[in-house]
Amino acid sequence: MKTMLHTLFQRHWNPYAVLLIAGLLSALYFGLTSTVWAVTGEFTRLGGDMLQLLGVDVSDWQYYQMVKLDGDTWNRPDGWIVWGMFIGALMMVLLSNSFKIRLPQQKRRYVQGFVGGIIAGFGARLALGCNLAAFFTGVPQFSFHSWIFIVATGVGTFFGAKLTKMPWWKGRPSLTAGAAKPSQVKIRVIQPYLGAALAMAYMGLLLYFFSSGQTLLGLGALFGLAFGILIERGQICFTAAFRDLFLVGRSLMAKAIIVGMAASSVLTLVIISLYDLTPITQIAALSTCVGGVLFGLGIVMASGCETGMMYRLMEGQVLFLPVFAGNIIGATFLAYAWDHLGIYTALVEGGAKINLLETLGPVGAILSTLAMLALLYALTLYREKNYHRRFELKRGVK
Amino acid sequence: MNLSKDADFTLDLRGESCPYPVIYTLEALEDMNKGELLQVITDCPGSFRNVPEEAIAHGYTFAQEPVKNGQEYLFYIYA
């Protein structure tokens, strides 16, 4: 029992296992609700809610008609996905006694996070999804826009990684000669008790949703919680998946995400065929490409995407407050620019909704998806090998 | 075993988020002479895994097992 608790709360979980479960759960969530695990759509609605609080009437903005700004966030299943993720992550942080206010030593990080957050929020909504709906849960829906988005995000993160390495961007660390003392450890441990109390309260809320017949809200809250727990314990980071491959040849997260998407695609296909569901297809257009590049650049600038920032904020990483604010501002600005600044006409109108299930049939869709994922996996391995070969050479010369 | 007294350099990364702990650690090790000992203090949960794994992947060795110190970790790495 003690070892089990230790493994569950003191260690981070294997990213492969976590993303496999997340992939299967998101397919299941689609089967139950016909919606996907996504977050930035809700961020955009949160921005709309705030504007309405300030007296701005957004009801005639086309984007809000498209993403359906109904009720408030507590009455939207997508809202509960977001709050469930925050709470699930916080619960695990507290239970593992790992909350700590973490203030960046480099003050420039706040500006980088805020600006990066705006760019990432804007880009994600321009492409109609972030690393979830246009990536991790978009590929298993066989929506072709996610294929374009993945490539575009890769390009954006490549330039983001270049920026990260610039001396004026990264700053100089505090490197001192000799040894230094670590922080004094607090003897009194209260976090796990707070975590347990939070868990009980949330269970009560779930019971309330299901017993009062608000099944969709209950499912959103339940799956949100599960996703929050998983991404925190697995330290799942889509930003790192691309960025660290470019920066230090690290491939773990990229490989785990690809494996998770493959499993999710297979299960989603089974669910779609069994229950005769319509997959969720988003428009593939120039906007997908531009949005993906901006998103990739923004998440590296901000050190986290819309999903990753959620659990880091709950861990007490203060940097992610401006990132969160930036995400919402960027997403909301896109909603404004959509019709008011002519973005729809310029970048979206010429596109089309392409679903591989329709164009290639079920067998063609799953085979081409798996082939695409296999190619991504191979490219990841190649990049890792190539990086380390060059690093060895450099070290050898030195 | 307490190696902290013998560390030649200390990299205090408390508060820094990923990827900077990995970048800073690898750069510090690269600039040090072979055999010198680097102490790393970090509290970014992502770095608890990627700093040691990348230090090893880049050919450096650990002087001792990572030390968990409350909400932070201490690493002792030979350049």
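Chain identifiers are assigned alphabetically (A, B, ...) following the order of the sequence lines, protein sequences preceding nucleic acid strands; residue numbering begins at 1 within each chain. These numbers were taken from a predicted model, which means no experiment stands behind them.
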Chain B-proximal positions within residues 301-308 of chain A [heavy-atom distance under 4.5 Å]: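 Hits under 4.5 Å: S303(A).
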Distance from Q191(A) atom CD to Q71(B) atom CD, nearest 0.5 Å?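 Separation between the atoms: 5.5 Å.
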CG (N50(B)) and CG (L252(A)) are apart, to the nearest 0.5 Å, by 9.5 Å
What residue, out of [options], has the most heavy-atom pairs lying under 4.5 Å from chain B?
| options | answer |
| --- | --- |
| P173(A), P104(A), A240(A) | P173(A) |
| L103(A), L319(A), V248(A) | V248(A) |
| H388(A), R243(A), K181(A), Q184(A) | R243(A) |
| E315(A), R172(A), H12(A), R109(A) | R109(A) |
| T176(A), V93(A), V185(A), I101(A) | T176(A) |

Of the non-hydrogen atoms in [X] and [Y], which two are nearest, and what is the gap between them?
| X | Y | answer |
| --- | --- | --- |
| F320(A) | S17(B) | CE1-OG, 3.8 Å |
| E72(B) | P182(A) | OE2-CB, 3.3 Å |
| D43(B) | K100(A) | OD2-NZ, 2.6 Å |
| P45(B) | Q317(A) | CD-NE2, 3.5 Å |
| Q105(A) | L13(B) | NE2-C, 3.8 Å |
| A180(A) | I41(B) | O-CD1, 4.3 Å |

For [X], does the [atom1] atom have more than 12 heavy-atom neighbours from other residues, nucleotides or ligands under 6.0 Å away?
| X | atom1 | value |
| --- | --- | --- |
| K34(B) | NZ | no |
| K385(A) | NZ | no |
| F86(A) | CZ | yes |
| F62(B) | CZ | yes |

Residue pair [X] / [Y], side-chain heavy-atom distance below 4.5 Å:
| X | Y | value |
| --- | --- | --- |
| Q235(A) | R49(B) | no |
| K165(A) | E27(B) | no |
| L11(B) | S174(A) | no |
| I23(B) | L247(A) | yes |
| L38(B) | L175(A) | yes |
| K394(A) | E30(B) | yes |

Are any side-chain N or O atoms of [X] and backbone N or O atoms of [Y], one a donor and one an acceptor, separated by less than 3.5 Å?
| X | Y | result |
| --- | --- | --- |
| T10(B) | G178(A) | yes |
| Y20(B) | T164(A) | no |
| N69(B) | S183(A) | yes |
| R102(A) | R14(B) | no |

Quick check on the interface: out of C44(B), C18(B), G46(B), who has the most heavy-atom pairs with chain A under 4.5 Å? C18(B)
Chain A: which of E53(B), E16(B), H58(B) shares the most heavy-atom pairs with it under 4.5 Å?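 If we count pairs closer than 4.5 Å to chain A, H58(B) comes out on top.
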Considering only heavy atoms, which portion of L26(B) lies under 4.5 Å from any heavy atom of chain A: side chain, backbone, both, or neither?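 Contact with chain A: side chain only.
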When you measure from the centre of the six-membered ring of F48(B), is the NZ or CZ of R11(A) closer than 6.0 Å and no more than 45° off the axis? no
